[in-house]
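Here's the structure we're looking at; comments come further down.
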Amino acid sequence: MLEKTYDPKSAEPRLYAKWESSGAFAPTEDPAAEPFCLVIPPPNVTGSLHIGHALNNTLQDVLTRFERMRGKAALWLPGTDHAGIATQMVVERQLAAEGNVSRRDMGRDAFIAKVWEWKASSAGTIQNQLRRLGASCDWSRERFTLDEGLSQAVRKVFVALHKQGLIYRDKRLVNWDPQFQTAISDLEVETREVQGKMWHFAYPLEGEAIDGVSEIVIATTRPETMLGDGAVAVHPDDPRYQKFIGRFVRLPIADRLIPIIADEYPDPEKGSGAVKITGAHDFNDFQVAARHGLSLISIMDEQAKMAGPIPERYLGLDRYVARKRVIAEIEEMGLLRLIEDKLIAQPFGDRSGVVIEPFLTDQWYVDAHTLAQPAIKAVENGDMVFEPRNWEKTYFEWLRNIQPWCVSRQLWWGHRIPAWHGPDGTIFVEESEAEAKAAALAHYGHETVLKQDEDVLDTWFSSALWPFSTLGWPQDTSDLARFYPTHTLVTGFDIIFFWVARMMMMGLHFKGEVPFKRVFINALVRDDKGQKMSKSKGNVLDPLDLIDEFGCDALRFTFTAMSGQARDIKLSRQRIEGYRNFGTKLWNAARFSQMNECLREDGFDPGAAKQIINRWIRGETVKTVLAVTKALEACAFDVAAQALYRFVWNVFCDWYLELAKPILNGDDGEAKAETRAMTAWALDVCLKLLHPVMPFVTEELWGKLAEFGAARDGMLITAQWPVFPEAWLDAEAEAEIDWVIALVSEVRSIRSEMNVPPSARAPLTLVGAGDVAKARLVRNRDLIVSLGRLESVKEADVAPAGAVPFVIEEVTAALSIAGFIDLAAEKARLAKEIANFAGDIERTAKKLDNPDFVARAREDVVEDNRERLAESKIAKAKLESAMDRLIALG
RNA sequence: GGGCGGCUAGCUCAGCUGGUUAGAGCACCUCGUUUACACCGAGGGGGUCGGGGGUUCGAAUCCCUCGCCGCCCA
């Protein structure tokens, strides 16, 4: 006998271990099985499971379990990401906290060894947390972005793209993070508006004044960069400055002559209309400098300290210290003209949080523009679809305006760039040092010393290959042949650019096919007030705590139920608690069925059921199967969850089991046997349908219930998803049970309103029943009596005096509860009912009186309204005559 | 500045290929231990669907406009 409640704490680890050891997570070897593959968005190898992972992985698991039960070769491929900057940052911080020397003092090899050590000690955390979540991924195929196979894929891709001219080395401005001392990509820069200032400096004109003007005033938000100015630019159409074009100004402090040039870039409306051009420290200025052939003067080092051809007193100063000094000196020289407050858009490193410096360096770039074209086309023509669809706009917008992707990072943790530099600067890009040496030998005609590029690749470079590198590429593996393209990718909208778009580019380029056919964008989990969860706000909900408190299934059901089209999920404990209760409800339904000996029967054919309630629940079950299947196919997770919840609680428990009780407790042996078997059958279907969402409690019940009745042939995880003939739908049974439910509901409602004690049993009289209603009554009399707590149900030509009437279709029912009737309350109830019908009649009649409606509305809509009007009129008349009798009574 | 969401019951949300008296869960009120379940059962109250305009026989649903909230890109 089942316990009164389900205990997730003991069941979950036991069941997971059983699944895992059974091999159920691996895709079936059956060659006829249709492949279904998901690749996990690889979490940081040293990370831990946060609420967003919990949501994301729950949805992946729902899909995987669903398709596995549908007989597909379902593969959910797990793995982790080395997460370059993030991991290196953590380890550097840890070293500092422990009082160790910095990574630079430690040296590259020693530092990398430290990171691997850290990885070894913290790896496995997230994998075990995914297990707690019930993730049915195939751990035997687990990959890591820095493992040998994936590293080989990275090298091969880099070399191939280089040979195709799609990866190249370029000297240009990059976003430089002075904290980590590395280049980062545009995507890793966060622009924030901050309160800043605009300084107006006068640059003295060299030579004779023009019309008495002997200076040009420029405006800048970054005074310290003036030391690297290469020109002053003015708009060619700006009448104030036209006459100065071609002349020179003497750059204060630096004491250099720089030209006044004409360019479209300066906006005459802004500042003074003249701008300083510092090509090595500003992206816009870089363009201007390139147009005019200006030399680029770099005046900072990797740490954003002042350096280069500048006055000695500035060397080594922090950029902000230098700023103050420049302003002070300019002021001293009498050249400071104005200081304005101004909101400025300032770039910050998304990881370091420090202000990014445009910095002139040599870096490796991917020609993203070229690779983007097929990626755009594939979504345009539907080879890959976003779900929800709207996200494709975001995707298109970014890809259509894509810039070269800077992929080199001056970090140590990551894939070393497979490029070797010769003594004369020639670069040999090859997959191995041996090949580079061979290439060098061919180039130089003799052996030379080569030095491998110091840099590593952007983490997202290896992630971009994930859908095929994890399947074994560049080897021709059977997995690759079978599972590429993968089916669905489930991920968050925050990495559409970082990851989804880049996988599309690389997948299409190297495999000639999209990496996945569908991308489901899951929502962002926020707290119950709609705020983003963050440690600093202290509003973080730890999924593992929630699992401890409510059980894993409750959390999973919550995520599933809340995954609609919305972009945010506001997670509240109350909601999780509600779904925990749902699990308990299911558990108790199973307990009930067990207590009533509802055993599964071999060879039981639901299609042959005779009892009306059994025919009805069979139909309801089929409807639910259809609804849930359709919803899961479409990633309409909330729709699936709602259909499951309603069916299990409001249909199966609230009505079917209640309707079954009189039969199970009665003495019609045949009816009892059929009802027992049907209950067991329907419960099994519930377990199957719920399993993708609530794997643990369903598997537990599956096992517990297997101790009785017909034998099972395996665990629920690999059970077959239900598919039933539509012939099992039963309109007649549905109409009949709906009628019974309406009748019983009315009786209950009246009892409650009239405060009839639960113990009081009243007779119910039906007046004016047609043949159908009479037949229904005969078949369901016991059920109605039992559920309505009635004394009896009879037919009569007239309602007994003093009974409370209500109308069900053509029948007037009268509940004899004399002694409990409060005359005033009953009059009020009747008046309200009559008013309801009157309102309905008025609305419907108004429509039908409108010739346009009758002429233009769809035929069936008009017909519905006609029927409705007729029914309402009859019901109203019946209630009115009851009201008359009541008034006559006194 | 461009783009994308959202605004429906006290709260969280569904409904939005136009056509029931606009639904659910939670919360609230009343009643109830009838041998599955109080993590429960029965009943009930509660919304002029953000404002305005338009299309239509008919609008929460389609179009326009305004307002507020949020996100992304520049």
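Computation of the quantities below employed the complete heavy-atom set of this structure, encompassing side-chain atoms and omitting hydrogens, waters and symmetry-equivalent molecules. If you're wondering where the values come from, they're calculated on a predicted model, not measured in any experiment. Lettering follows sequence order; numbering is per chain, from 1.
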C1' gap between B:C26 and B:C73, integer Å = 38 Å
Counting any heavy atom closer than 4.0 Å, what does A:Arg856 reach on the DNA or RNA strands: base, sugar-phosphate only, or nothing?
-> base
5'-most contact on RNA chain B: A:Ala561 or A:Ala857, nearest heavy atom basis?
-> A:Ala561
Interatomic distance at P, B:A27 relative to B:A60, whole Å = 30 Å
When you get a sec, tell me which of B:G32, B:C71, B:C73 is the closest nucleotide to the side chain of A:Pro758?
-> B:G32
Anything under 30° is parallel, anything over 60° is perpendicular, the rest tilted; go ahead and classify A:Trp391 against A:Phe493.
-> parallel
Between B:G67 and B:G51, how far apart are the C1' atoms? Round to whole Å, please.
-> 7 Å
Which of residues 781-793 of chain A sit near RNA chain B, with a heavy atom under 4.0 Å from it?
-> A:Arg789
Quick one: label A:Ser752 by what it contacts on the DNA or RNA (base, sugar-phosphate, nothing), any heavy atom closer than 4.0 Å.
-> sugar-phosphate
Quantified in whole Å, what is the P atom distance between nucleotide B:G6 and nucleotide B:G47?
-> 25 Å
Taking the side chain of A:Lys570 as its heavy atoms from C-beta onward, which of B:C13, B:U35, B:G44 lies nearest to it?
-> B:C13
N/O contacts under 3.5 Å, protein versus nucleotides 23-27 of chain B?
from: B:C26; atom 1: O2'; to: A:Gln574; atom 2: OE1; distance (Å): 2.9
from: B:C26; atom 1: O2'; to: A:Gln574; atom 2: NE2; distance (Å): 3.2

Reckon A:Lys846 touches a base, only the sugar-phosphate, or nothing at all at heavy-atom distances under 4.0 Å?
-> nothing
Return one dot-bracket line describing RNA chain B 5' to 3' (Watson-Crick or G-U wobble pairs, both distances under 3.5 Å; ( ) same strand, [ ] crossing, | another strand, . none).
-> ((((((((.[[[[.)...(...]]]].(((((.......))))).....[[[[[..)....]]]]]))))))).
Assign A:Arg843 to base, sugar-phosphate, or nothing according to its heavy-atom contacts below 4.0 angstrom with the strands shown.
-> sugar-phosphate
Looking at A:Glu620, A:Lys623, A:Gln642, which one forms a side chain to side chain contact (heavy atoms under 4.5 Å, CB included) with A:Phe647?
-> A:Glu620
